[in-house]
*Asks:* 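First the structure, then my questions, so here it is.
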Amino acid sequence: MPYKKPRLSKRQGQIMTLVSVGKTDKEIASTLGISEETIGNHFRTIFSRLGVTSRIRAVLRWKRL
């Protein structure tokens, strides 16, 4: 069975772009006009889709996609 790349939504991609350059949840929320709680919800989904348990691993995996 071939490997299927996990897909992130446009918003999740925006979050990953910002976190990959060192932005905090507060900075990301302010930039995107959403709450920090929503950022956390997105990260839970991102971790699940990428099969990781940390932001560092998420960024590394996402950059390889």
*Asks:* Show every donor-acceptor pair shorter than 3.5 Å between a side-chain atom in residues 39-46 and any protein atom, with sequence neighbours excluded, or say none if there are none.
*Replies:*
{"from": "Asn41", "atom 1": "OD1", "to": "Arg44", "atom 2": "NH2", "distance (Å)": "2.3"}
{"from": "Thr45", "atom 1": "OG1", "to": "Asn41", "atom 2": "O", "distance (Å)": "3.4"}

*Asks:* Look at atom CG of Leu60 and say whether more than 12 heavy atoms of other residues, nucleotides or ligands are closer to it than 6.0 Å.
*Replies:*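 Counting other residues, nucleotides and ligands, CG of Leu60 exceeds 12 neighbours.
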*Asks:* What is the distance from atom CD1 of Ile28 to atom OG1 of Thr38, rounded to the nearest 0.5 Å?
*Replies:*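 So the gap between those two atoms works out to 12.5 Å.
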*Asks:* Taking only residues two or more places apart in sequence or in another chain, which ones pass side-chain contact (heavy atoms from CB on, under 4.5 Å) with Ser9?
*Replies:* Arg11, Gln12
*Asks:* For Thr17, which residues count as a side chain to side chain donor-acceptor pair (under 3.5 Å) partner, sequence neighbours excluded?
*Replies:*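 Thr17 satisfies side chain to side chain donor-acceptor pair (under 3.5 Å) with no residue once adjacent residues are dropped.
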*Asks:* With a 4.5 Å limit on heavy-atom distance, are the side chains of Lys26 and Glu36 in contact?
*Replies:* yes
*Asks:* By side chain to side chain donor-acceptor pair (under 3.5 Å), which residues pair with Glu27, not counting sequence neighbours?
*Replies:*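 For Glu27 the side chain to side chain donor-acceptor pair (under 3.5 Å) partners, ignoring immediate neighbours, are Thr24.
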*Asks:* Kindly give the heavy-atom pair with the smallest separation between Ala58 and Phe47, and that separation in Å.
*Replies:* CB-CE2, 3.9 Å
*Asks:* For Arg49 and Leu8, work out which heavy atoms get closest and say how close.
*Replies:* NH1-CA, 4.0 Å
*Asks:* Looking at residues at least two apart in the chain, or sitting in another chain, which of them share a side-chain contact (heavy atoms from CB on, under 4.5 Å) with Thr31?
*Replies:*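 For Thr31, the residues satisfying side-chain contact (heavy atoms from CB on, under 4.5 Å) (neighbours in sequence not counted) are Leu18.
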*Asks:* Can you list the residues that meet the side chain to side chain donor-acceptor pair (under 3.5 Å) rule with Ser30, with sequence neighbours excluded?
*Replies:* none
*Asks:* With Lys63, which residues qualify under side-chain contact (heavy atoms from CB on, under 4.5 Å), at least two apart?
*Replies:*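 Ser20, Val59.
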*Asks:* When Ile, Leu, Val, Met, Phe, Trp and Tyr are grouped by side-chain heavy atoms lying under 4.5 Å apart, directly or through other members, which residues fall in the same group as Val21?
*Replies:* none
*Asks:* Quick check: closest heavy atoms across Ser35 and Ala29, and the distance to 0.1 Å?
*Replies:*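 So the minimum-distance heavy-atom pair works out to C-CB, 3.9 Å.
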*Asks:* Filter on side chain to side chain donor-acceptor pair (under 3.5 Å), then keep only pairs touching residues 50-60, sequence neighbours left out; what's left?
*Replies:*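 The answer is Asp25-Arg55.
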